[in-house]
Amino acid sequence: MEYQSILFENNDDRIADEVCRMPEYFKDLNLDQIIGEILEGKEEYGLNRFFYHNLSEVSSINYRLDVMKEMEKGEVYERIVTFASKMKKIKEFISFSREVHNRYQRKKWVLDAANLYCDSINNLCNSLKSMDLKSKGLYLFKEWLTEYNKSNQFGRLYDDTKSLFSKFSNIRYSVEIECGKAIVKTDDYVEDYCASISGTLGHINETVFDYKIRFFSDLEMCSLESKVLEIVRNMNIDVFNELDKYYEMHIEFLDNAIKCFDKEIQFYVSYQEYIRKLRLKGFRFTYPSLSCKKTVNVIGGYDLALAYKCSGFATTVVPNDFYQRDEERVFLLTGPNQGGKTTFARAFGQIFFLASIGCPVPCEKAELFPVDNIFTHFSAEENLDKNAGRLKEELIRLKNIMKNVSAGSVVIINELFATTTSHDAYMMGKKILEYFISVDCICLYVTHIHELVSVSEKIISLVATVNTDMKTTRTYKIVRKPADGCAYANSIVEKYNLTYSQIKERIGT
């Protein structure tokens, strides 16, 4: 039985390392921050590529979601994490064997690593056997691991390792140091005086003494240690000769499928560790329901990057709902400045992306479709080094989006054409929206030009609301209702004492 992958249901879902880099939209959506926080401390696994590449098939995404659900179960999670920690230790031992120069020290590190590996495989296999695993990914791995555990390949490794490890464990010797000399002897019997003293005084002192002494703490052997080892080798020549043969036969004892599993399972472990912290703070996550139909229905969605920042403070993050019906395709978001429109746009994109890589999403409920790509266009500072104005740069970026967008894409446009007149912004925005509607993609268009709502019946009007009693107070709630065209600019001016009369008073005119 050949092991496939805990991450990819089909080999066609994989992507070459050289073409898997951070997508352009990550920074606009603050996904670079989110993924960076998820992978902090996991750099050794090289997981970035798994978080950069979204899946476009419902079955492939559900394959991961099912594994992720099963990983939430305490027993499954603990067993997998324990195995991962053992594998980390095994790889550490192997790295030691490559760093040291003494050949027997190098070979003994390999033996120690293999011994831990054999125990870890047995423990994981026995643990998974007793579990009724529902996810296809973990079930197939359990079946493969059971076969591997019974295979001649592993059986030979296990027998050779345990036999030789036992022989080394039984080697005893003593070192007597006197008059500037170190004498190595076979340790037939040497009384442990420290143990005798502890036993004698145990009834009057409950303290447990740790009397072990380590003279040499460096990984590399010093000349004295090397000389002692050489003498011990000559005293146990048969065991050391067996170590030579063992090393030649089992130096590459790590199975490639186990190495693959050890790496890929960290995708689930790292994300579960990340959301567990947030769940303890009251933030909700759900497993998205994926459909091939153009479905968008999210309840209680929020910006995950903002939630992570606020998790250490007594600050709430306002959740929002959004949905479309039938042939609706464009969400047109209007409302006052500082009303939460950009935060909503980021949450919108994050939810689609996280669902597309098979992860629980930051909301209470999500019914979505798998996206083939996400395109974003957020306001950027004008680049003075380029021989083009801000409008031209915006149009160049838009051209690239319009060239590559498809019916399976999600497009997020945030505050376009701020440097043009309202009329020009309306005319250009109208053309852009008509194009995206013709492509049949899902689009979120954030703008102050509320008249764009009337361009098509496929456009949904979303509005960022304010407190009805205090117009300066933003609620950060985004609601589905007709655009009112109110920018509430006066309330901002009054809030910061920038009215005409207040400015005149300040300058003394």
Side-chain angles (χ1 to χ4, degrees), residues 22-40 51-52 54 270-288 296-323 331 333-357 359-366 368 371 374-381 410-415 444-447 462-467 472-480 492 495:
M22 183 186 292
E24 294 181 4
Y25 56 83
F26 262 44
K27 290 186 177 179
D28 282 342
L29 301 179
N30 283 347
L31 282 165
D32 56 333
Q33 297 177 25
I34 294 170
I35 303 306
E37 287 151 359
I38 291 171
L39 299 183
E40 186 176 0
F51 284 94
Y52 290 167
N54 64 293
S270 60
Y271 195 79
Q272 287 289 351
E273 288 174 345
Y274 178 79
I275 67 175
R276 280 185 175 201
K277 298 172 187 175
L278 290 169
R279 277 175 166 160
L280 290 174
K281 299 292 183 178
F283 292 101
R284 301 189 66 175
F285 290 83
T286 190
Y287 287 87
V296 180
N297 182 19
V298 172
I299 297 176
Y302 58 91
D303 180 345
L304 187 53
L306 180 61
Y308 190 84
K309 288 180 180 178
C310 295
S311 62
F313 307 95
T315 307
T316 59
V317 175
V318 177
N320 282 293
D321 308 338
F322 55 92
Y323 63 92
F331 296 87
L333 176 55
T334 59
N337 287 328
Q338 301 178 355
K341 298 193 300 297
T342 297
T343 298
F344 176 86
R346 290 193 175 113
F348 188 94
Q350 290 168 13
I351 290 170
F352 268 105
F353 172 75
L354 292 171
S356 74
I357 62 171
C359 290
V361 294
C363 60
E364 294 180 29
K365 178 182 177 181
L368 303 167
V371 299
I374 297 175
F375 299 94
T376 60
H377 191 305
F378 281 48
S379 297
E381 293 294 328
V410 167
V411 180
I412 303 172
I413 307 292
N414 188 31
E415 302 286 9
L444 171 63
Y445 195 91
V446 183
T447 181
L462 299 178
V463 179
T465 59
V466 297
N467 189 301
T472 58
T473 305
R474 274 51 176 156
T475 65
Y476 306 112
K477 290 298 293 182
I478 309 298
V479 298
R480 180 174 171 136
I492 295 293
K495 180 179 179 180

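In what follows, every heavy atom counts, from backbone to side chain, and hydrogens, waters and symmetry copies are set aside.
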Please list, chain by chain and in numerical order, all residues satisfying side chain to side chain contact (heavy atoms under 4.5 Å, CB included) with [X], sequence neighbours excluded.
X: Y476; value: V318, R474
X: A355; value: P288, V361, L368
X: S270; value: I38, L39, K42, L47, F51

Would you compute the distance between atom [atom1] of [X] and atom [atom2] of [Y] and round it to the nearest 0.5 angstrom?
X: I412; Y: F378; atom1: CD1; atom2: CZ; value: 5.5 Å
X: I413; Y: F331; atom1: CD1; atom2: CZ; value: 15.0 Å
X: L354; Y: N54; atom1: CG; atom2: CG; value: 11.0 Å
X: D32; Y: N30; atom1: CG; atom2: CG; value: 6.0 Å
X: F353; Y: R346; atom1: CZ; atom2: CZ; value: 16.0 Å

Which heavy-atom pair separates G301 from I351 by the least distance, and what is that distance?
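Closest approach of G301 to I351: CA-CD1, 3.8 Å.
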
For [X], give me all partners under salt bridge (Lys or Arg N to Asp or Glu O under 4.0 Å), at least two apart in sequence or on another chain.
X: R276; value: none
X: K309; value: none
X: E364; value: R284
X: E37; value: none

If the condition is side chain to side chain donor-acceptor pair (under 3.5 Å), which residues does [X] pass it with, not counting sequence neighbours?
X: Y308; answer: none
X: N297; answer: E367
X: D28; answer: T376

Under 3.5 Å, side chain of [X] to main-chain N/O of [Y], donor-acceptor pair present?
X: S356; Y: V371; answer: no
X: D321; Y: G300; answer: yes
X: N320; Y: I478; answer: yes
X: Q350; Y: L29; answer: yes
X: S311; Y: L278; answer: no

Those residues at least two apart in sequence (or on a different chain) that pass ring-ring contact (aromatic ring centres under 6.0 Å, His included) with F375 are none

What residues, two or more places apart in sequence or in another chain, satisfy ring-ring contact (aromatic ring centres under 6.0 Å, His included) together with Y302?
F283

Side chains of V296 and F352 in contact at under 4.5 Å (non-hydrogen atoms)
yes

Here's a test for you: under side chain to side chain contact (heavy atoms under 4.5 Å, CB included), which of V410, L333, N414 qualifies with L444?
L333

Pair D303-T343, side-chain donor/acceptor within less than 3.5 Å:
no

